[in-house]
Protein chains: 2
Amino acid sequence: MKFTSHEEYGLRCLLQIGRRGPGVGVTIPEISRAEGLSTAYTAKLLRMLRNAGFLKSARGQAGGYTLARPPEEIIIGDVLAELGGRLFEGDFCERHAGQEASCTHSSDCSIRSLWSTVQTAVDRVLSRTTLRDLLRAEESACPPEASLVRIRPSAPERAEVL
Amino acid sequence: MKFTSHEEYGLRCLLQIGRRGPGVGVTIPEISRAEGLSTAYTAKLLRMLRNAGFLKSARGQAGGYTLARPPEEIIIGDVLAELGGRLFEGDFCERHAGQEASCTHSSDCSIRSLWSTVQTAVDRVLSRTTLRDLLRAEESACPPEASLVRIRPSAPERAEVL
DNA sequence: CCGAATCTATACTCTTAAGTCAAGATTGAT
DNA sequence: ATCAATCTTGACTTAAGAGTATAGATTCGG
């Protein structure tokens with residue numbers, strides 16, 4: 001259970017584009033240089049984001065990438081799901097049934113519900129964070145201390161076992 | 001960002017052992033059979049858990065695995081960290097610095113703090129859940145519907161990407 | 001002592017994710 | 001029309017995680 005490279009780098013690329021004003025195209029070589037990634041890899045990541053509808057691209061001499069929507073409409077949770085998948089995916093049970101026909105529920109339904117609980121905790125953060133929030137966090141004060149992305153207060157997150 | 005196979009299977013094995021009373025040894029072939037895993041893989045997972053101090057083992061004809069501590073002292077977060085690493089590890093920045101000397105903070109400190117926020121949300125759940133909790137959840141009512149580990153209201157599930 | 005049942009350890013293979021390569025297609029400027 | 005800058009695509013290579021194989025060491029019962 002780790003953040004993947006695609007999530008890290010893909011999100012960085014998205015930020016590079018969001019940082020420029022709306023309508024300003026950014027090219028693959030520019031992003032590649034800014035982030036220290038190969039152009040080929042940058043292109044691959046941008047393609048993923050474009051196919052998922054977060055970016056749009058223009059070809060040709062004055063081409064480049066721009067956001068497909070305003071940053072406040074780009075949910076980071078959706079971006080990360082595209083780049084690195086969901087924590088607990090639909091086919092998880094089938095894929096982890098061992099040699100048995102199906103995951104033996106008597107032995108691990110408590111695990112299933114633990115996974116859901118974690119998933120929910122993560123979603124609570126990521127579904128409420130937009131690209132706008134990340135950009136705003138940078139504007140404020142980057143170097144200093146303290147968490148820059150603050151989660152709006154909500155019901156206390158407590159896993160409660162019946 | 002996904003749960004790993006080691007986390008899933010390793011935790012299942014740990015549950016198998018915790019389910020038996022204290023002091024009752026469980027053998028690799030038994031667990032292997034119960035979970036539908038190969039004995040070799042089961043052995044590998046159990047070894048990881050043993051080396052991390054969650055289990056102890058006895059060799060020989062009447063050998064097997066038992067918990068090294070009472071289940072209420074086994075924090076699931078620690079177990080998962082051992083089986084699948086932490087979401088956001090210490091060396092993450094160095095490992096993802098691209099070609100650059102270090103991760104350029106001006107471009108991604110907002111990402112760093114996002115990662116921390118997610119990590120905290122996950123830890124909040126996992127550091128408070130013990131093996132005892134999972135075992136208790138099973139005792140109650142497993143087959144029926146509904147999540148056994150329940151989160152207090154106000155957890156809107158994330159919307160799918162179109 | 002001997003053998004069966006058990007755990008132990010390391011090295012190996014297989015699969016998937018990460019990252020690269022190379023050929024192609026579009027656009028705008030001259 | 002040509003050229004250079006750009007994105008596009010699919011196949012390829014490499015690295016890492018998942019799972020296997022095999023040989024070895026410990027314990028206990030006879």
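Chain letters run A, B, ... following the sequence lines, proteins first, then strands; residues in each count from 1.
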Nearest whole Å is fine: how far is [N] [atom2] from [X] [atom1]?
{"X": "B/Lys44", "N": "D/dT22", "atom1": "NZ", "atom2": "P", "result": "16 Å"}
{"X": "B/Glu8", "N": "D/dG19", "atom1": "CD", "atom2": "C1'", "result": "16 Å"}
{"X": "B/Ile28", "N": "D/dG19", "atom1": "CD1", "atom2": "P", "result": "17 Å"}
{"X": "A/Lys2", "N": "D/dA15", "atom1": "NZ", "atom2": "C1'", "result": "13 Å"}
{"X": "A/Met48", "N": "C/dA18", "atom1": "CE", "atom2": "P", "result": "8 Å"}
{"X": "A/Glu7", "N": "C/dG19", "atom1": "CD", "atom2": "P", "result": "12 Å"}
{"X": "A/Tyr65", "N": "D/dA5", "atom1": "OH", "atom2": "C1'", "result": "14 Å"}
{"X": "A/Arg47", "N": "D/dT9", "atom1": "CZ", "atom2": "C1'", "result": "6 Å"}

Using heavy atoms to find the nearest nucleotide of DNA chain C for A/Ala40 and A/His6 separately, return the residue whose nucleotide is more 5′.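 It is A/His6, whose closest nucleotide lies nearer the 5' terminus.
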
Just grab all the side chain to side chain donor-acceptor pair (under 3.5 Å) pairs involving residues 48-68 of chain A, residues at least two apart or on different chains. A/Arg50-A/Ser57

Any side-chain N or O of A/Ser38 below 4.0 angstrom from OP1/OP2 of C/dT20? yes

Looking at [options], which one has an atom nearest to any side-chain atom of [X]?
{"X": "A/Tyr41", "options": "D/dT8, C/dA17, C/dT20", "value": "C/dT20"}
{"X": "B/Tyr9", "options": "C/dT6, C/dA18, D/dG19", "value": "D/dG19"}
{"X": "B/Ser5", "options": "D/dC7, D/dA18, C/dT20", "value": "D/dA18"}

Where along residues 50-57 of chain B does a heavy atom fall under 4.0 Å from DNA chain C? B/Arg50, B/Ser57

Kindly determine whether A/Met48 and A/Glu82 satisfy side chain to side chain contact (heavy atoms under 4.5 Å, CB included), including the steps that lead there. CA-CA 8 Å; A/Met48 292 174 78; A/Glu82 201 61 41; 5.5 Å; no

If the test is side chain to side chain contact (heavy atoms under 4.5 Å, CB included), which one of A/Thr130, A/Leu55, A/Leu67 qualifies with A/Ile74? A/Leu67

In terms of relative ring orientation, are B/Trp115 and A/Phe3 parallel, tilted or perpendicular, with 30° and 60° separating the classes? parallel

Could you grab the distance from atom CG of A/Leu131 to atom CD of A/Glu73, nearest 0.5 Å is fine?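 Reported value, rounded in 0.5 Å steps: 11.5 Å.
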
Has [X] got a side-chain atom pairing as donor or acceptor with [Y]'s backbone, closer than 3.5 angstrom?
{"X": "A/Glu7", "Y": "B/Met1", "answer": "yes"}
{"X": "B/Arg20", "Y": "B/Val24", "answer": "no"}
{"X": "A/Glu30", "Y": "A/Thr27", "answer": "yes"}

Report, as a single string ordered 5' to 3', how protein heavy atoms within less than 4.0 Å touch nucleotides 23-30 of chain D: B base, S sugar-phosphate only, - not at all. -BBBBBS-

For a 4.5 angstrom cut-off between non-hydrogen side-chain atoms, does B/Glu8 reach A/Arg112? yes

